[in-house]
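Below: one structure, written as structure tokens.
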Amino acid sequence: MESTNKNQQVCILGAGPGGASAALVLAQMGIPTLLIDKAVFPRDKICGDALSGKVAAVMRQITPDMPKSFSAETMQIPSYGIRFFAPNGKELRVPFSLKNPAEMEVPPGFIAKRYDFDHYLIQQIKQNELIELRENTEVVDYQKTTQGYTLTCKDGSSVTATLLLVADGAHSKFARHHAGIEMENDHYSAGLRAYYEGVSGMDNQNFIELHFIKEALPGYFWIFPLPNNQANVGLGILSKTVSEKRLNIKKMMQDIIDHHPIISERFKHAKVVDSIKGYGLPLGSKKRKISGDHYMLLGDAASLIDPFTGEGIGNAMLCGLAAARVAKSALEQNDFSADFLQQYDNEVNRKLGAELALSTKMQRLVNYPWLFNFVVNKANRNKTLAETISCMFDDVDLRKKLKSPGFYWKLFWD
Ligand SMILES: Cc1cc2nc3c(=O)[nH]c(=O)nc-3n(C[C@H](O)[C@H](O)[C@H](O)COP(=O)(O)OP(=O)(O)OC[C@H]3O[C@@H](n4cnc5c(N)ncnc54)[C@H](O)[C@@H]3O)c2cc1C
């Protein structure tokens, strides 16, 4: 590390999907940034590795042909839907889109190991001369100054930034100590992930599988297909449930794989590629203040993971887009005050607020296994309901139906 102190107008902390997207969008606007990460890429990130349509949509806004270049250059597989398994074991297959896969320019979803997905983003960053990427640089301290923030790194170097975009993930010290974001068991999930090879019964259209097992509600056990006959296997459970029921979730996950009456059969000839590892999921089931004087919080640092699906990559990238736009106006107006940056909160809320509120309701509904069983049974017999659920992935207004008592009333008599 050659320089010991650097002045930088915009500094981005964390080069995961949130920070990387912000840097790429700012570069497109002609704005230089310093992007700092403690890791050296490519690196692993514990995750389910599922990339929704939202990810491709943000990529398209960064560069129109990015989804295509990503799918051509990165080890990934396309995914066309979800298999829900209700607590009674019944399955509901829900395609992400009603369009014919052959007519789609880009598949509606992808699954790519984060090792490969994040590396793809970093390669785009490295080709961009407006972005200075500093890897292997851990920020250990933050001091507020009248002009912004001074960051101190573990290697002794420091950076003075006028505007700080904080995208350092679920364990963000800045979010906790400078932005007042607490870790609350009601709004936080514990997540475990392992990689397996040779799990049988995988879907021929690479549908991802969510198994809502009674003991894990409102969380779920998942099996997501990956290239080379591998699968991302995991378990996510609300931290409140873990602490109230004193669950040993690592043991619980292993028990599901070894002893669950249906699932264990599929692991009979499977081999572990990478053993069970855990990481936190800060959920967006509570609205929080995500900007302040001279800073904005992005992605997991802002606690914006979908509380029903566990999706956080697309939301982090949407934050990157919104933060870049607000950063541009802040630079133009030379105003980095909390009042000015409030428009970032407004923008993120406009993009994600309704969806997160709805997912919070759905997370609560899933707590009732009988209701879940009932909807899955019905949808298997009723094509219109199955198609409505499918369209819900694209249409938040349709998802609103799920929280209306009238929806269930009609189902009873339909
Ligand atoms: C078990 C599990 C399963 C999940 N499954 C899915 C899924 O299938 N699909 C989905 O969309 N989402 C999923 N998520 C959520 C998803 O992983 C996150 O929402 C997403 O990674 C958030 O991106 P981010 O850019 O905010 O943070 P991150 O991806 O966590 O990136 C943060 C970056 O900051 C760096 N950093 C941290 N601290 C410092 C520091 N002090 N100094 C310098 N650098 C630092 C890190 O090295 C890292 O590169 C899952 C999460 C978990 C835990």
Side-chain angles (χ1 to χ4, degrees), residues 11-23 34-55 58 79 82 109-115 117-119 121-122 125 133-142 151-155 159 165-177 188-194 208-210 219-224 226 232-237 239 249 253 276-284 290 297-307 309-320 323:
C11 175
I12 304 172
L13 176 61
S21 305
L34 172 66
L35 177 60
I36 301 180
D37 204 294
K38 65 181 179 187
V40 176
F41 291 83
R43 59 104 178 87
D44 183 29
K45 153 79 177 81
I46 295 158
C47 186
D49 302 330
L51 308 173
S52 70
K54 204 185 277 172
V55 172
V58 180
S79 175
I82 304 189
F110 290 97
I111 309 139
K113 286 188 178 177
R114 289 291 298 275
Y115 185 88
F117 177 67
D118 290 25
H119 185 47
L121 293 176
I122 291 295
I125 299 251
L133 173 67
R134 274 197 202 166
E135 297 174 271
N136 200 15
T137 306
E138 182 173 357
V139 174
V140 289
D141 190 41
Y142 313 83
L151 314 185
T152 308
C153 307
K154 204 174 183 178
D155 60 13
V159 178
L165 269 48
V166 183
D168 55 349
H171 300 162
S172 172
K173 287 198 183 89
F174 185 97
R176 211 133 295 153
H177 302 308
Y188 205 90
S189 205
L192 298 176
R193 180 216 69 190
I208 60 172
E209 297 175 33
L210 311 187
Y220 58 80
F221 174 84
W222 71 79
I223 305 175
F224 296 169
L226 278 166
N232 180 317
V233 177
L235 179 67
I237 306 192
S239 297
I249 57 167
M253 175 160 156
I276 300 176
K277 294 188 176 119
Y279 209 73
L281 291 91
L283 307 176
I290 56 171
L297 304 179
L298 282 68
D300 283 8
S303 294
L304 285 171
I305 294 182
D306 187 295
T309 63
E311 178 190 3
I313 301 168
N315 292 357
M317 292 176 76
L318 264 176
C319 285

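Just so you know, ligand 1 is whichever comes first in the structure, and atom 1 is the first atom listed for that ligand.
For Gly280, the heavy-atom gap to ligand 1 drops under 4.0 angstrom. The shortest separation from a heavy atom of Arg43 to ligand 1 is under 4.0 Å, placing the residue in contact. Within the 4.0 Å heavy-atom cutoff, Leu51 does not count among the residues contacting ligand 1. Heavy-atom distances between Arg193 and ligand 1 stay at or above 4.0 Å for every pair. Residue Ala167 places a heavy atom less than 4.0 Å from ligand 1.
Side-chain contact check for Arg114 versus Asp49: some heavy-atom pair is nearer than 4.5 Å. At least one side-chain heavy atom of Tyr142 sits under 4.5 Å from a side-chain heavy atom of Leu13. Residues Phe110 and Val55 form no side-chain contact, since every pair of their non-hydrogen atoms from C-beta on lies 4.5 Å or further apart. With contacts defined as side-chain heavy-atom distances shorter than 4.5 Å, the pair Val233/Met253 qualifies.
Residues forming a salt bridge (charged side-chain N to carboxylate O under 4.0 Å, His left out) with Arg43 (at least two apart in sequence, or on another chain): Asp118. In terms of the side chain to side chain contact (heavy atoms under 4.5 Å, CB included) criterion, residue partners of Ala175 (sequence neighbours excluded) are, by chain and number, Ser172, Ile181, Leu297.
Between Lys38 and ligand 1, at least one pair of N/O atoms sits closer than 3.5 Å. Considering backbone and side-chain N/O of Phe224, none are found under 3.5 Å from N/O of ligand 1. Between Asp118 and ligand 1, no pair of N/O atoms sits closer than 3.5 Å. The distance criterion of under 3.5 Å between nitrogen or oxygen atoms is met by Lys45 with respect to ligand 1.
By heavy-atom distance, the residue among Pro282, Ala50, Ser52, Gly191 lying nearest atom 9 (N) of ligand 1 is Ala50. When the heavy-atom distances from atom 15 (C) of ligand 1 to Val166, Leu304, Ile305, Val139 are ranked, the shortest goes to Ile305. The option with the heavy atom closest to atom 22 (C) of ligand 1, from among Asp306, Asn315, Leu151, Asp300, is Asp300. Taking all heavy atoms of Gly14, Gly314, Gly310, Gly18 into account, the minimum distance to atom 13 (C) of ligand 1 is reached by Gly310. Taking all heavy atoms of Gly16, Gly169, Gly278 into account, the minimum distance to atom 27 (O) of ligand 1 is reached by Gly169.
Residue-level proximity to ligand 1 for Leu13 is carried by the side chain, the only part with a heavy atom below 4.0 angstrom. With a 4.0 Å heavy-atom cut-off, ligand 1 is reached by the side chain of Leu281 but not by its N, CA, C or O. If you look at Phe117 next to ligand 1, there are no close heavy atoms at all, none under 4.0 Å. Residue contacts with ligand 1 for Asp49 involve N, CA, C or O but no side-chain atom from C-beta outward (heavy atoms, distance under 4.0 Å). For Arg114, every heavy-atom contact with ligand 1 shorter than 4.0 Å involves the side chain, none the backbone.
To the nearest 0.5 angstrom, Ile313 atom CD1 is 9.0 Å from Ile305 atom CD1. Residue Leu35 holds its CG atom at 10.0 Å from OG1 of Thr137, rounded to the nearest 0.5 Å. For the atom pair CE (Met317) and CG (Leu298), the distance works out to 12.0 Å, reported to the nearest 0.5 Å. Between the OG atom in Ser79 and the CG atom in Leu226 there is a gap of 10.5 Å [rounded to 0.5 Å]. For the atom pair CD1 of Ile36 and CG of Asn136, the computed distance is 12.0 Å after rounding to the nearest 0.5 Å.
When atom types are taken as modelled, the side chain of Ser189 and the backbone of Ile237 share a donor-acceptor pair closer than 3.5 angstrom. A donor-acceptor contact shorter than 3.5 Å is absent between the side chain of Tyr220 and the backbone of Gly234.
Ranking the protein heavy atoms by distance from atom 33 (C) of ligand 1 puts Asp37 OD2, 3.5 Å first. Protein heavy atom nearest atom 2 (C) of ligand 1, with residue, atom name and distance: Cys47 CA, 3.7 Å. Counting only heavy atoms of the protein, atom 10 (C) of ligand 1 lies nearest to Gly312 N, 3.3 Å. Closest to atom 4 (C) of ligand 1, if we only count protein heavy atoms, is Gly48 N, 3.1 Å. The shortest contact between atom 37 (C) of ligand 1 and any protein heavy atom is with Asp168 O, 3.2 Å.
Taking a 6.0 Å sphere around OH of Tyr279, one finds it holds more than 12 heavy atoms contributed by other residues, nucleotides or ligands. Around NZ of Lys45, the count of heavy atoms belonging to other residues, nucleotides or ligands within 6.0 Å exceeds 12.
Those atoms of ligand 1 with a heavy atom of Trp222 less than 4.0 angstrom away are 1 (C), 3 (C). Atoms of ligand 1 lying under 4.0 Å from any heavy atom of Thr137, numbered from 1 in the order shown and given with element: 42 (N), 43 (C). Near Tyr279, with a cut-off below 4.0 Å to any heavy atom, the atoms of ligand 1 are 53 (C).
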Check the pair Asp44 / Arg193 against salt bridge (charged side-chain N to carboxylate O under 4.0 Å, His left out), numbers first and verdict last. CA-CA 12 Å; Asp44 183 29; Arg193 180 216 69 190; 2.9 Å; yes
